[in-house]
Amino acid sequence: MIRMTEPSKITSQNVPDHQPAAGGIAARARASVGPKYLSGLNPEQREAVETLDGPVLVLAGAGTGKTRVLTTRIAHILSQGRARPAEILSVTFTNKAAREMKHRLGQMLGHAVEGMPWLGTFHSIGGRILRVHAELAQLKSNFTVLDVDDQVRLLKQLLQADNIDDKRWPARMLAGLIDGWKNRGLMPSQVPSGEAAMFANGKGGKLYASYQERLKILNAADFGDLLLENIRIFREHPDILRQYQQRFKYILVDEYQDTNVAQYLWLRLLSQAPSATKAVVPGRVEDANYDAQLRVGQSRDESSALDSGSAPSAHPGMTEQAAIAAAPNAPTKNICCVGDDDQSIYGWRGAEVDNILRFDHDFPGAKVIRLERNYRSTGHILAAASHLIAHNEGRLGKTLRTEDQDGEKVTVTGSWDSEEEARGIGEEIEQIQRRGEKLNEIAILVRASYQMREFEDRFVTLGLPYRVIGGPRFYERAEIRDALAYLRVINSPADDLAFERIVNVPKRGLGDATVQMLHDHARKRRIPLFEAARAVVETDELKPKARGSLREVVAQFDRWRAQREVTAHTDLAQIVLDESGYTEMWQKDRSADAAGRLENLKELVRSMEEFENLQGFLEHISLVMDRDSGADEDAVSLMTLHSAKGLEFDNVFLPGWEEGLFPSQRTLDEQGRAGLEEERRLGHVGLTRARRRAMIYFATNRRIHGTWSTTIPSRFLDELPAANVEITESKGGSAWGGTGGYGASRFDDMEAFGSTYSTPGWQRAQANRNRGGGRTGGGGGGFEEQASSFSSSSSSGPDFGSFSSRRRGPLTIEGELVAKSTGTTSEFSLSDRVFHQKFGYGRVTKIDGNKLTIAFDKAGEKKVVDSFVQRA
DNA sequence: GCTAATGAAGTTTTT
DNA sequence: CTTCATTAGC
């Protein structure tokens, strides 16, 4: 299938892009007949696939077949013989996306794509390039990639060394600043002095510089370095840059709207046609471009001054930059960026929406193709999402269309409080389930993760299977990082951070004092901690107990290193975990998640098999390890709006649409209008996840950090088109807060609840609920449900009259508990010791059919379904 | 050096 | 109301 003959001749750098090469004509001829992979593409998609020459920006709205275009384009390039697999650079943001592309490419081409070596994430590809040229960054090719945790610990040490109060100037904050600078492509010397001075009374810049120095000593790079050091090397060594420019005949970029400045610069460099002509001095020209772009990162106003060519030359090379901007840029190769400005939701993490908004400016002559045919959602959902996003000003503008039916309207439901919201959604889900739909097709998308708890509690009570997506990634978990630290120390005795992490895990009686001592020793002799430990055990500076422990640790590592030569790396890992007592530590642990941690450790050892040796494993672990893909059992998905990007479900619940929560007050305060627009994009992302039903909720009262507060409906609700939205009533009206600061809301008209149960709206809502067949089983009426929970209430509730102040308390909702009951007597008896996956150990205090009330040791009293617990 | 008790703080997070 | 991190005490 893939023609790999005459590959590179056609698009060698000597052939200008606008000259259709022989392959191009052949391609067109063939395309008119239509290779199999092109069939089924709509005209825009097809254009995006077939426009191979020059820069292309594909604006792919939600659900318009973005991934399909990317993969088909690669297949097209390959089958046209335009390039070999190894000559295509294809970058994504996530490993998941990269894997998905590989997978679909394999399907499309009918066989596994052996060798698309340059398909991967920005970071994995950057890391790969950096390993080749590590010495140019004062690193060895086996450098360690530090994660955020290591970074912070390292910075903490630096702060301590500098006698900076890390209460006032937290290491996390500095880590954030440095990360931000790296995202913007700034080396320590390039950080604007004003920003560098922001931290610790002017020491910020200096700390950044010494942090970088420490990294080199530890033979380590952080995530930012993987790209930043690439850029530095490309700038300082044009010959190396040219080598890569020549290698990559085609560049494809996924999710372009999420690129930050560093990623932009990196792409920019690689995408320039190799400068065969000596007229252009690469280093110089590119410097100018960087400076310009870096200024964009600093200040939008300055950059616009730059565009007009009248900028004062605060930076060297500015004048040249102005000239270059006016003239056609350095010839650009075949770069194809796919993205959607309306789905840019990572601005707070350094993503520059401007990158996509300015694409045709940055890549002159770029062809912009819009994909606006949506194949995912129904008409009403699409209309609602489009109408909402149309309120944004800073966008390129797309109009999503569908040929699907209108479907059901988007619903907006107000609840009294967040607890009721969770209950309402739980009931709705049960209804959907009864209709025979899969739980896998249901998602709840929240703005902030603390919203999840309420749903989890509810689902546990209902016995409804759910899965939380997101959260700590696999390699970020403590047990994985500990295990990796052991392996890192074996692999690289100079890895002080890893050594420090595990020297007292499991507990060996080597506390802060001992570690501090080792540090002093190490610094004095300029040796790694591990070697310091080896030396110190020969002296009598330590108490006998600590000395013995430390001696044992050193001996163990020596032994493991020796074994490494003769033992398979997976076996070695197992041996290390066992002999160090690490496995045992978790086996003894009786907390709820110990079993899961042991399982994760097994998974880690299993995953090592994919790599040839320990070295190879460690090189890739931090870059390509993904969260464990949860079991594929049928369950509701619970996640943040951010982690929902790229996913789709038949039924999507969107709770918490209230001012302050969504849009988030903090974003509004910190980012102003830009922040509001990003929040709105988040709403757009949320809505467009839904294929058939989108259900929005807002509550009048929400508990945040333990205290209740009254909220007002989100302004985004008012921005939804009335024609596509249906306002449904929930028990208890809403809109207590009245009008917000931005005008009247139509949700203000919903009946206020007041302080009794007898308002007309409430009664009507109850009637609707019962009539609507919302429940099975007896006794499940909303009123009784409410009543029972009132009577069992206890603690201090929200301070809103007698109703609300008494309605909190344990979740004892008899109606539903009976409804779910199987009738059979539970196999548990009173005061049984039981174990629950989420809540840990507890004692049964009450039994009601298959519903147990359990007093958990740590989590307090909960009602759970008996199938969720096992005998302890 | 370890444990228990106090106190501060508390979005979103692809690598 | 939580969770974490640091701080007293044992």
Side-chain angles (χ1 to χ4, degrees), chain A residues 91-99 120-127 145-148 151-152 156 166-167 170-172 176 179 182-183 221-227 254-255 257-260 262-263 343-351 445-454 469-476 504 507-516 542-543 545-546 549 620-627 639-646 656 660-671 675 678-679 681-682 685-686 703-708 795-797 808 858-860:
Chain A
V91 280
T92 63
F93 276 83
T94 64
N95 293 305
K96 194 177 158 201
R99 253 199 317 271
T121 63
F122 276 100
H123 291 87
S124 66
I125 290 173
V145 179
L146 297 189
D147 57 40
V148 190
Q151 274 182 69
V152 172
K156 209 170 247 173
D166 64 351
K167 270 274 172 41
R172 286 215 164 273
D179 203 46
K182 290 188 174 180
N183 283 158
D222 62 21
F223 283 120
D225 284 342
L226 297 180
L227 287 167
D254 189 18
E255 305 277 19
Q257 77 281 356
D258 287 336
T259 50
N260 59 37
Q263 286 155 343
Q343 290 189 65
S344 163
I345 55 175
Y346 284 104
W348 49 274
R349 232 185 153 276
L445 311 183
V446 296
R447 173 64 242 265
S449 45
Y450 63 75
Q451 290 173 263
M452 291 190 195
R453 166 167 311 224
E454 220 139 6
I469 308 220
R473 263 150 299 293
F474 186 72
Y475 62 85
E476 277 173 14
N504 199 30
K507 297 261 186 294
R508 299 187 175 94
L510 301 169
D512 289 346
T514 311
V515 172
Q516 193 51 52
L542 283 172
K543 290 192 193 123
K545 207 173 142 210
S549 293
H620 287 278
I621 183 69
S622 51
L623 290 178
V624 301
M625 259 318 241
D626 251 358
R627 73 192 77 171
M639 68 189 98
T640 64
L641 285 163
H642 283 90
S643 36
K645 197 172 74 164
L661 176 58
F662 183 56
S664 147
Q665 190 56 51
R666 196 154 152 186
T667 302
L668 260 39
D669 291 344
E670 287 170 12
Q671 317 283 337
E678 182 152 312
E679 294 285 304
R681 289 195 290 268
L682 213 40
V685 167
R703 186 175 38 187
I704 303 168
H705 309 328
T707 45
W708 287 87
S795 59
S796 62
R808 293 228 325 98
K858 298 211 172 108

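Since the model is a prediction, treat every value here as computed from it, not as a measurement. Below, chains carry the letters A, B, ... as their sequence lines are ordered, and counting in each starts from 1.
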*Indicate for each nucleotide in nucleotides 1-10 of chain B, in 5' to 3' sequence, whether protein heavy atoms under 4.0 Å reach the base (B), only the sugar-phosphate (S), or nothing (-).*
SSS------B

NA contact type, [X], heavy-atom cut-off 4.0 Å: base, sugar-phosphate, or nothing?
| X | value |
| --- | --- |
| Phe122(A) | nothing |
| Glu679(A) | base |
| Gln263(A) | nothing |
| Ser449(A) | sugar-phosphate |

*Nearest-nucleotide wise, let me know which of Glu670(A) and Glu255(A) is further upstream toward the 5' end of DNA chain B.*
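In this pair, the answer is Glu670(A).
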
_Comparing Leu226(A) and Gln665(A) on DNA chain B - which has the more 5′ nearest nucleotide_ =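 Checking each residue's closest nucleotide, the 5'-ward one belongs to Gln665(A).
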
*Residue-phosphate contact under 4.0 Å: Thr640(A) side-chain N/O, dT13(B) OP1/OP2*: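 Answer is yes, contact under 4.0 Å.
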
_Is the phosphate of dT3(C) approached by Arg453(A) (side-chain N or O, under 4.0 Å from OP1 or OP2)?_
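Answer is yes, contact under 4.0 Å.
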
Nearest-Å distance for atom pair [atom1]/[atom2], residues [X] and [N]:
| X | N | atom1 | atom2 | value |
| --- | --- | --- | --- | --- |
| His620(A) | dT15(B) | NE2 | P | 15 Å |
| Ile704(A) | dT3(C) | CD1 | P | 17 Å |
| Tyr450(A) | dC1(C) | OH | C1' | 13 Å |
| Glu476(A) | dT13(B) | CD | P | 11 Å |
| Lys645(A) | dT15(B) | NZ | P | 12 Å |
| Arg99(A) | dT15(B) | CZ | C1' | 13 Å |
| Leu623(A) | dT15(B) | CG | P | 9 Å |
| Asp166(A) | dT6(C) | CG | P | 7 Å |

_Is Trp348(A) stacked against the base of dT12(B), taking the criterion as centroid distance under 5.5 angstrom and interplanar angle under 30°?_
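Whether judged by distance or by angle, Trp348(A) passes, so it stacks on the base of dT12(B).
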
*asked:* With rounding to the closest Å, how many angstrom separate the P atoms on dA5(C) and dT12(B)?
replied: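 Rounded to whole Å, the distance is 16 Å.
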
*Taking N and O atoms by type only, does the side chain of Arg349(A) place a donor or acceptor under 3.5 Å from a partner on the base of dT15(B)?*
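For Arg349(A), whose side chain was compared with the base of dT15(B), there is a donor-acceptor pair (under 3.5 Å).
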
All side-chain contact (heavy atoms from CB on, under 4.5 Å) counterparts of [X], not counting sequence neighbours:
| X | result |
| --- | --- |
| Ser549(A) | Arg508(A), Leu510(A) |
| Ser664(A) | Arg447(A), Arg666(A), Thr667(A), Glu679(A) |
| Ala171(A) | Val152(A), Leu155(A), Lys156(A), Leu159(A) |
| Asn260(A) | Asn183(A), Ala262(A), Gln263(A) |

Can you figure out which of [options] approaches the side chain of [X] most closely?
| X | options | value |
| --- | --- | --- |
| Lys156(A) | dT15(B), dT6(C), dT12(B) | dT6(C) |
| Phe223(A) | dT15(B), dT6(C), dT12(B) | dT15(B) |
| Arg447(A) | dT12(B), dT13(B), dT15(B) | dT12(B) |

*Ignoring hydrogens and angles, tell me if any N or O in the side chain of Gln451(A) forms a donor-acceptor pair with the backbone of Ala448(A) under 3.5 Å.*
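Yes, the answer is positive, given that a donor and an acceptor are paired below the 3.5 Å cut-off.
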
*Heavy-atom pair with the smallest gap, counting every atom of Ser124(A) and Leu623(A)*: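 Scanning both residues, the minimum pair turns out to be CA-CD1, 3.9 Å.
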
*Once the angle between the rings of His123(A) and Phe223(A) is folded into 0 to 90°, is it parallel (under 30°), tilted (30 to 60°) or perpendicular (over 60°)?*
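Plane angle over 60°, so perpendicular.
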
*What pairs with His620(A) under ring-ring contact (aromatic ring centres under 6.0 Å, His included), at least two apart in sequence or on another chain?*
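For His620(A), the residues satisfying ring-ring contact (aromatic ring centres under 6.0 Å, His included) (neighbours in sequence not counted) are Phe611(A).
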
